[in-house]
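Right, one structure below, let's go through it.
When reading the values below, keep in mind they use all heavy atoms of this one structure, side chains included, and skip hydrogens, waters and symmetry mates. We count ligands from 1, going down the list as the structure has it; atoms in each ligand are counted the same way.
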Amino acid sequence: MSVRIGHGFDAHRLVDGRPFVLGGVHVPFERGPLGHSDADVLAHALSDALLGACALGDLGKHFPDTDERWKGADSMRLLGACVDMVRELGYEPVNVDATVVVQAPKLAPHLERIRASVAAVLRIETDAVSVKAKTSEGMGYTGDGTGIAAYAVACLTRS
Ligand code: MG
């Protein structure tokens with residue numbers, strides 16, 4: 001059995017009047033991440049982790065932000081496309097672990113729905129999806145409200 005590990009990172013600027021979407025779940029907040037797609041940092045970090053595990057480059061390589069087709073795109077659909085790509089190589093996601101760093105909003109009340117949303121797209125059990133929320137205690141761009149960041153690792157196997 002072949003085991004592969006991948007890592008992903010993403011960050012977006014938070015601006016007024018954008019929907020706050022994380023792992024495909026809409027979180028009520030007056031600000032949201034700015035980007036060409038829906039700027040779902042968790043979906044993007046997870047996508048890069050899956051692609052990274054198979055050395056397939058990153059999300060931008062497959063879905064360039066210069067391409068009008070991905071303007072306002074639902075990033076969970078892009079994550080689903082990344083799942084399809086790794087499956088075509090014979091790999092199956094086993095588990096993922098992610099950390100989202102943002103000062104506000106509080107994500108704890110939404111984490112279970114986010115985990116279930118990610119699990120559905122990865123086609124794995126919810127208990128194989130870990131999503132953790134952290135603040136950076138007011139420091140830096142994730143602490144002063146400028147932005148949001150996400151880190152993710154993915155484990156894949158091919159039998
Ligand atoms: Mg992104």
Side-chain angles (χ1 to χ4, degrees), residues 4-87 91 93 95-108 110-111 113-124 129-136 139-156:
R4 306 287 289 253
I5 304 290
H7 171 261
F9 166 78
D10 194 37
H12 282 269
R13 190 175 290 277
L14 287 176
V15 297
D16 290 338
R18 284 269 300 185
F20 192 108
V21 180
L22 194 65
V25 170
H26 186 269
V27 174
F29 195 52
E30 63 271 19
R31 313 180 74 213
L34 179 66
H36 183 68
S37 66
D38 61 5
D40 184 332
V41 285
L42 179 57
H44 293 180
L46 287 165
S47 295
D48 273 4
L50 291 177
L51 295 174
C54 295
L56 288 172
D58 67 12
L59 201 57
K61 175 184 167 184
H62 297 278
F63 306 101
D65 65 8
T66 49
D67 191 326
E68 280 300 305
R69 277 181 300 170
W70 315 123
K71 190 171 182 354
D74 174 354
S75 295
M76 293 301 271
R77 287 189 54 207
L78 305 185
L79 176 60
C82 293
V83 173
D84 291 341
M85 274 186 254
V86 302
R87 280 175 180 259
Y91 284 96
N95 76 300
V96 295
D97 182 25
T99 302
V100 179
V101 189
V102 72
Q103 199 69 29
K106 283 271 173 267
L107 298 176
H110 308 283
L111 290 180
R113 273 204 304 147
I114 290 169
R115 289 176 64 209
S117 170
V118 169
V121 171
L122 298 185
R123 284 175 270 166
I124 57 179
V129 175
S130 164
V131 180
K132 310 183 299 297
K134 308 288 280 188
T135 73
S136 53
M139 296 180 288
Y141 71 92
T142 54
D144 65 8
T146 304
I148 180 170
Y151 304 81
V153 290
C155 178
L156 285 74

Problem set entry | Option passing side-chain hydrogen bond (donor to acceptor under 3.5 Å, both in side chains) with S130 (candidates D97, T99, N95) | D97
Exercise. With under 30° as parallel and over 60° as perpendicular, where do the rings of F29 and F20 fit, or are they tilted in between?
Worked result: perpendicular
Problem set entry | N/O/S atom name from D10 that is nearest to the position of the Mg ion (ligand 1) | OD2
Exercise. Within D40, is some N, O or S atom less than 2.8 Å away from the Mg ion (ligand 1)?
Worked result: no
Exercise. What N/O/S atom of H44 is the closest to the Mg ion (ligand 1)?
Worked result: ND1
For this session: Using modelled atom types only, decide if a donor and an acceptor are shared between the side chain of S117 and the backbone of G23 within a distance under 3.5 Å.
Result: yes
Exercise. Do R4 side-chain atoms and L156 backbone N/O form a donor-acceptor pair below 3.5 Å?
Worked result: no
